[in-house]
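The structure appears below as structure tokens.
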2 protein chains.
Amino acid sequence: MRHVAALAGVGIKTVSRVINGEPNVSAATTAKVLAAARTLDYEPDLQAGNLRRADGRSRTLGLLVSSVDNPFAGSMHRAIEDAALERGVAVFASSLDDDPDREQQAVSTFLRRRVDGLILTTVSESQAYLAPELRRGTPVVFVDREPAGITSDSVVSDNAAGASAATRHLLERGHRRIAYLGDRPNIRTAQERRRGFFDELGAAGVPTRGIPVIEGLHDAESARHATLDLFRGDELPTAVFSSQNLVTIGVIRALRELGRHRDTALVGFDDVPLGDLLDPGITVIAQAPQDIGRIAAERIFARLDGDTSPATRTVVPTRLIERGSGEITPRPEG
Amino acid sequence: MRHVAALAGVGIKTVSRVINGEPNVSAATTAKVLAAARTLDYEPDLQAGNLRRADGRSRTLGLLVSSVDNPFAGSMHRAIEDAALERGVAVFASSLDDDPDREQQAVSTFLRRRVDGLILTTVSESQAYLAPELRRGTPVVFVDREPAGITSDSVVSDNAAGASAATRHLLERGHRRIAYLGDRPNIRTAQERRRGFFDELGAAGVPTRGIPVIEGLHDAESARHATLDLFRGDELPTAVFSSQNLVTIGVIRALRELGRHRDTALVGFDDVPLGDLLDPGITVIAQAPQDIGRIAAERIFARLDGDTSPATRTVVPTRLIERGSGEITPRPEG
DNA sequence: ATGAAAGCGCTAACAG
DNA sequence: CTGTTAGCGCTTTCAT
């Protein structure tokens, strides 16, 4: 900046004014400065500026997700990025791999970089460690999973209602032996889905004793194995509810291997890529990751713009998409 | 930091030493400082430190891809993030949507934030605008697409060889009327794939006059329409080569609608999610986005570590995965 | 082993 | 309209 000022033959502050488009600079001076900046390939240093700037904002956001390599996270990320771009805000992303230690480390890393806000899919038991930062005024929005041990804005799918809808869908088609294949039970989202499932069975008066429940599934392979095991017993389920997209994929693989994909109903929570092209098509409770991301970004920016109202909890509805697998009726013999 | 120093009753520099783990601080002092930092919830400001730090590094990388909401980009992103994490480097990601203006804007934004290096899937005709930055010593690695108008490290798939392999695969099964459905022809990657396709036809002595070629396809919908149009004519192709994953998806949809997915062969460039579960399974030329990302990150860090050897061009091999759609033989009548 | 002073590139506050 | 001075939070250099 000094160099530009020297080359343009003006004061350093004038350069600052031109770069930031502040008023009260003559057109001639502006032109001179711009020319000098161009010949020197000058790029202003945003970080240095933010050090002194009144609002102290870095125009930066931190996003923590299970993995950036995951369709759900990717959609959310994209929506957040688009909202951020409009405000000249850049986004850091970090993958957590369901590791609580990594969550705290990543949060700390972002805080050191003075992100203006944090959007996170938490994986730790409690996010109380964020309290001091929150008190300091850094907005934090929880997406997909609600916070524990702390109060802050959250944007989540209607997990219980979605799971209920899926279960009802299967019950209405006559299924009674519906297997529940779930994620790790310490994840609140998984608990909600489980609750929705059992509440609906209860409402229908279906005894839950005989219901096969397998939990702790975290990827397609473990879900595949669990499904294969499940079908080794007698009293086979006539339908499966899977609580997460990777689990759904594992179930699909297993049912195919067993040759049971045409006579066993399946409804999965969260959409599956190309689910409409499979045979049968996969009936799912689709979430709206784009909406979740967009709303989360809106919350962050509202907070940054001074909104100090109490923490909000936004529930984004899910949608049942019938594609075939969920409309299979029970085998006559059970 | 001043506050911490005051609370601990030491000089500000001592705090700096403790935080950065520098030697020559007594254990007692270290403990005092750490305690003070904890009670004040102190997080060092990385940006402020970098302002004065000798190497002037921000420990930050910029990644530019078509869209963070895209399986290929997601895999690459993840691999880069993992490599960066080991070195305490955070990653900014930005989606370009094939918009050259957006590319330059995003690059500029990242430069202003003083990223230590840039990894980009370029969409502009020429990247000559990066020359000054390159001269200044910022490493730039091009991924998936090679640079034009500038020389720098690049990591790309073997596009021509992959397309050749796909074409050979179809020729060997007796196909002669193979339709080519391609991306925008101004993309170098698309050109390479096209070249591989026609080279292989030429090598086999197949006349290229009658070969249906449709280009300029950028998403699944446009590809679907193009395929539907293609099958409205007479002299239907017996096989299709699609040059990109979204195009492949569009072709699959169209073939299904036409009821031709079992008698028309299809090989797609780039893998398709769940391609193994479709019926028929989708034969593809799979790329290795994780490898590309990993190698790109390695290049960046090697440059940052002082490697000044000439620009390298790393070609990552592709792999033909047979799943059924590519092994369909021509209809008897043609 | 510790601290004081200077300065990184910039913006804020206040002159001229 | 333009320039000067101070200082953001930290690291460097040099002294103690």
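Any value given below was found using the heavy atoms of this structure, including those in side chains, with hydrogens, waters and symmetry copies removed. Below, chains carry the letters A, B, ... as their sequence lines are ordered, and counting in each starts from 1. As the structure is a prediction and not an experimental result, all values here were calculated from the model.
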Worksheet item: How is B:Asn20 classified with respect to the nucleic acid when contacts are heavy atoms under 4.0 Å: base, sugar-phosphate, or nothing?
Response: sugar-phosphate
Discussion item. Using heavy-atom distances to pick each residue's nearest nucleotide on DNA chain C, tell me which of B:Thr30 and A:Ile19 is more 5'.
Written reply: B:Thr30
Worksheet item: To the nearest angstrom, how far is B:Arg59 atom CZ from D:dT11 atom P?
Response: 13 Å
Worksheet item: What is the distance from atom CD1 of B:Ile12 to atom CZ of B:Arg17, rounded to the nearest 0.5 Å?
Response: 11.5 Å
Fill in: From C:dT2, D:dC1, D:dC8, nucleotide with atom closest to A:Asn24 side chain
D:dC1
Worksheet item: How would you list, by chain and number, every residue that makes a side chain to side chain contact (heavy atoms under 4.5 Å, CB included) with A:Leu134, sequence neighbours excluded?
Response: A:Val140, A:Ile150, A:Ser152
Worksheet item: Side-chain donor-acceptor pair under 3.5 Å between B:Ser67 and A:Arg78, yes or no?
Response: yes
Discussion item. Under 3.5 Å, is there a donor on one side chain and an acceptor on the other for A:Glu133 and A:Thr138?
Written reply: yes
Worksheet entry | B:Thr122-B:Glu103 side chain donor-acceptor pair, cut-off 3.5 Å | yes
Item to complete: Measure from the side-chain heavy atoms of B:Ser26 and tell me the nearest of C:dC8, D:dC10, C:dT2.
Response: C:dT2
Discussion item. Quick one about B:Asp307 and B:Ser309 (side-chain donor to acceptor, distance below 3.5 Å, no hydrogens or angles considered), yes or no?
Written reply: yes
Worksheet item: Can you tell me how far CG of A:Leu46 sits from CG of A:Leu51, rounded to the nearest 0.5 angstrom?
Response: 11.5 Å
Practice prompt. For B:His3 and D:dC10, give me the distance from atom NE2 to atom P, rounded to whole Å.
Written response: 10 Å
Worksheet entry | Base-pairing string, 5' to 3', of DNA chain D - Watson-Crick or wobble, under 3.5 Å, | interstrand | ||||||||||||||||
Worksheet, complete the sentence: Whole-Å distance, B:Glu22 CD to D:dT12 C1', equals 10 Å
Worksheet item: Taking CZ from A:Arg114 and C1' from D:dG9, how many angstroms apart are they, rounded to a whole number?
Response: 9 Å
Item to complete: Among the candidates D:dC8, C:dT11, D:dT11, find the nucleotide nearest to the side-chain atoms of B:Arg53.
Response: D:dT11
Discussion item. Assess, by modelled atom type and distance only, whether the side chains of B:Arg299 and B:Thr314 contain a donor and an acceptor separated by less than 3.5 Å.
Written reply: no
Worksheet entry | Separation of C:dA12 C1' from A:Arg57 CZ (nearest whole Å) | 17 Å
Contact list (N/O, under 3.5 angstrom) for nucleotides 3-6 of chain D vs protein:
from, atom 1, to, atom 2, distance (Å)
D:dG3, OP1, A:Gly11, N, 3.4
D:dG3, OP2, A:Gly11, N, 2.8
D:dG3, OP2, A:Thr14, OG1, 2.5
D:dG3, N7, A:Arg17, NH2, 2.9
D:dG3, O6, A:Arg17, NH2, 3.4

Practice prompt. Check every strand shown and say whether B:Pro44 touches a base, only sugar-phosphate, or nothing at a heavy-atom separation below 4.0 Å.
Written response: sugar-phosphate
Fill in: Between C1' of D:dC10 and CD of B:Glu43, the distance in whole Å
15 Å
Response to the item:
Checking A:Ile119, A:Val107, A:Thr121 against A:Leu64 for side chain to side chain contact (heavy atoms under 4.5 Å, CB included), the one that qualifies is A:Val107
Worksheet, complete the sentence: note: A:Leu51, atom CG; C:dA12, atom P; distance rounded to Å ~ 12 Å
Item to complete: Could you state the atom-to-atom distance from CG of B:Asn50 to P of D:dT12 in whole Å?
Response: 10 Å
